[in-house]
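Below, chain A is the first sequence line, B the second, and so on; all start at residue 1.
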Number of protein chains: 2
Amino acid sequence: MSINYKDIKSEILTRITKGDLPPGALVPNEVELAESYGCARATVNRAMRELTDEGILERRRKAGTRVRMAPLREARFSIPVVREEIEGQAASYGYTLLNRQILHAPDWLRERLKLVVGDDVLHLTCLHRADNAPYQLEDRWINLARFPQAAGVDFAASGPNEWLISTVPFSDVEMSFGAAAATAAQANYLGCTTGDALFEAERSTWWEGRAVTFVRLTYPPGYRMTTRY
Amino acid sequence: MSINYKDIKSEILTRITKGDLPPGALVPNEVELAESYGCARATVNRAMRELTDEGILERRRKAGTRVRMAPLREARFSIPVVREEIEGQAASYGYTLLNRQILHAPDWLRERLKLVVGDDVLHLTCLHRADNAPYQLEDRWINLARFPQAAGVDFAASGPNEWLISTVPFSDVEMSFGAAAATAAQANYLGCTTGDALFEAERSTWWEGRAVTFVRLTYPPGYRMTTRY
DNA sequence: CTCGTCATTATGTCTGGACATAATAGTTGC
DNA sequence: GCAACTATTATGTCCAGACATAATGACGAG
């Protein structure tokens with residue numbers, strides 16, 4: 001029953017929360033800690049490295065390890081595939097493709113995705129339902145200049161989300177959340193009133209410096225996106 | 001110039017995105033990989049462990065390592081202290097305490113924070129401004145049964161956020177985002193019209209199983225919370 | 001055929017050593 | 001006093017080996 005890197009993590013964490021190691025304080029160096037815990041430096045190193053990844057500590061070569069001034073608290077949350085999200089709530093999943101067309105990228109999209117004039121995009125509008133009630137309105141734009149094969153896929157049966165996830169890689173993502181008043185079209189599909197406050201999530205995805213897709217997800221009034229950590 | 005665990009990570013990642021290792025595929029075991037890369041198993045282990053943490057792989061003892069079916073797409077973002085967020089945009093930060101009172105926790109709060117009937121809470125309402133324009137309306141509730149010292153702090157000069165961060169530890173957090181129509185009071189403080197669509201973030205915090213604080217942050221129309229990864 | 005037992009296997013972690021690298025602090029030259 | 005070098009120091013990474021642990025799959029008893 002020897003010392004575990006997890007024990008060291010929680011021991012250090014206790015010292016911090018007890019005020020023994022206030023924000024900004026210098027944590028003993030790895031060699032000293034290893035000696036005092038009676039373990040190898042690698043073990044201490046792992047504990048400290050993870051605490052650093054978690055935003056609790058701050059490390060600089062030669063300068064040493066310090067407790068972060070304002071502990072960088074990171075919210076993480078997974079963005080599930082809608083279908084899984086709905087089925088996870090023991091509700092039945094429904095999907096409808098509302099609209100599909102190929103067109104030149106509009107100006108605002110060109111700017112967002114850094115596209116070139118004349119690039120074609122596939123524009124899809126889909127509605128996802130949970131137990132038959134509108135759950136999410138998906139406004140999807142796929143860069144055909146990058147993924148021409150998307151033009152040949154039939155999105156009538158399953159959403160572009162699922163196709164993209166299994167076939168298109170990505171490396172850079174920008175997400176943003178906000179609120180907007182429902183347009184007449186949105187209100188119609190989501191079963192609410194024009195002007196209602198809707199929660200909106202947008203995601204842009206790139207691969208090797210080139211745009212893959214942009215999507216705007218809109219939810220009915222009252223929807224909340226929740227995460228725990 | 002030997003092999004780095006980062007090289008292994010990106011090599012595996014390339015194999016995945018190239019379709020060489022499709023979702024669900026079994027990745028060679030650590031011993032084999034170590035041999036083929038000509039490095040120690042510990043190095044391969046670290047690469048695989050990090051890819052697992054990042055949601056790319058899935059590992060089970062004896063069963064081996066597999067590429068995740070639906071790569072767990074995680075948005076991570078740090079929740080900055082408002083002041084730092086504003087000053088980071090090269091804007092001047094302004095703060096006003098609008099309201100402060102001690103009262104019994106209302107029912108909805110008791111339920112949310114799992115409080116006991118009769119527990120006192122400190123209720124604060126504050127406005128944060130960027131270049132004098134309303135930036136964030138903070139509706140803060142602090143559990144006095146847990147942190148009685150909060151009652152003695154003067155929040156006139158700086159926000160409860162900063163005090164909490166530097167003095168109160170927490171271990172469990174639940175965050176949620178949504179949209180809501182502006183109430184008359186919110187519209188007044190945020191300089192918008194009643195009924196406008198506002199972006200709302202809520203955060204509940206616990207430490208050692210007991211509630212620390214609950215806060216609801218409301219932003220003026222048009223605000224977007226953005227993250228990159 | 002089903003249930004429990006046990007060997008096998010891949011990952012999880014630790015050791016004690018090594019060299020690499022970044023950043024500081026001290027020293028030297030101007 | 002200032003700038004450029006240099007030694008020192010703490011972290012970053014690696015290695016080769018070891019034992020721990022969880023989960024599977026095969027085997028045997030009922």
Describe, in one word, how the ring planes of A:F177 and A:F199 are oriented to each other, choosing from parallel (under 30°), tilted (30 to 60°) and perpendicular (over 60°).
parallel

Counting only side-chain heavy atoms from C-beta out, which of D:dA22, D:dT13, C:dT13 sits nearest to B:K62?
D:dA22

Nearest whole Å is fine: how far is C:dA23 P from A:R59 CZ?
14 Å

Quick one: B:E30 CD to C:dC14 P, roughly how many Å, whole number?
15 Å

Which residue, A:N45 or B:A63, contacts DNA chain D at a nucleotide closer to its 5' end, judged by nearest heavy atom?
A:N45

Can you tell me how far P of C:dT9 sits from CD of B:E32, to the nearest Å?
12 Å

If you compare every side-chain N and O of A:R61 against the phosphate oxygens of C:dT24 (OP1, OP2), does one of them come in below 4.0 Å?
no

A:E58 CD to D:dT11 P: how many Å, rounded?
13 Å

Which whole-number value in Å describes the distance from A:N4 CG to C:dG12 C1'?
10 Å

Could you please name the option among D:dA16, C:dT13, C:dT8 that lies closest to any side-chain atom of B:A40?
D:dA16

Starting from the C-alpha separation in whole Å, work towards a yes-or-no answer on salt bridge (Lys or Arg N to Asp or Glu O under 4.0 Å) for B:E162 and B:R83.
CA-CA 9 Å; B:E162 319 203 11; B:R83 184 161 56 82; 2.9 Å; yes

B:R46 side chain, from C-beta outward: closest of C:dG12, C:dT9, D:dT13:
D:dT13

Is it true that A:Y219 and A:E200 share a donor-acceptor pair across their side chains at a distance under 3.5 Å?
no

Given the rule in the side-chain hydrogen bond (donor to acceptor under 3.5 Å, both in side chains) test, do A:R140 and A:T125 qualify, once you have shown the distances and angles that lead to the verdict?
CA-CA 6 Å; A:R140 169 79 65 176; A:T125 311; over 6 Å; no

Figure out the CD/P separation between A:E50 and D:dG12, and round it to whole Å.
13 Å

D:dA23, C:dG16, D:dT8: which one has an atom nearest the side-chain heavy atoms of B:R60?
D:dA23

Would one find a side-chain N or O of A:R49 under 4.0 angstrom from OP1 or OP2 of D:dG12?
no

note: A:Y5, atom OH; D:dC19, atom C1'; distance rounded to Å ~ 17 Å

Nearest to side-chain heavy atoms of B:K6, which nucleotide of D:dC15, D:dA10, D:dT13:
D:dT13

Can you tell me if A:D139 and A:H123 form a side-chain donor-acceptor pair at under 3.5 Å?
yes

Taking only the side-chain heavy atoms of A:A42 (C-beta and beyond), determine which of C:dT13, D:dA10, C:dG16 contains the nearest atom.
C:dG16

In whole Å, what is the span from the CG atom of A:D7 to the P atom of D:dA20?
17 Å

Within the structure, does a side-chain N or O atom of B:T43 lie under 4.0 Å from either OP1 or OP2 of D:dC15?
yes

Looking only at N and O atoms, is any donor in the side chain of A:R41 or the base of D:dT13 less than 3.5 Å from an acceptor on the other one?
yes

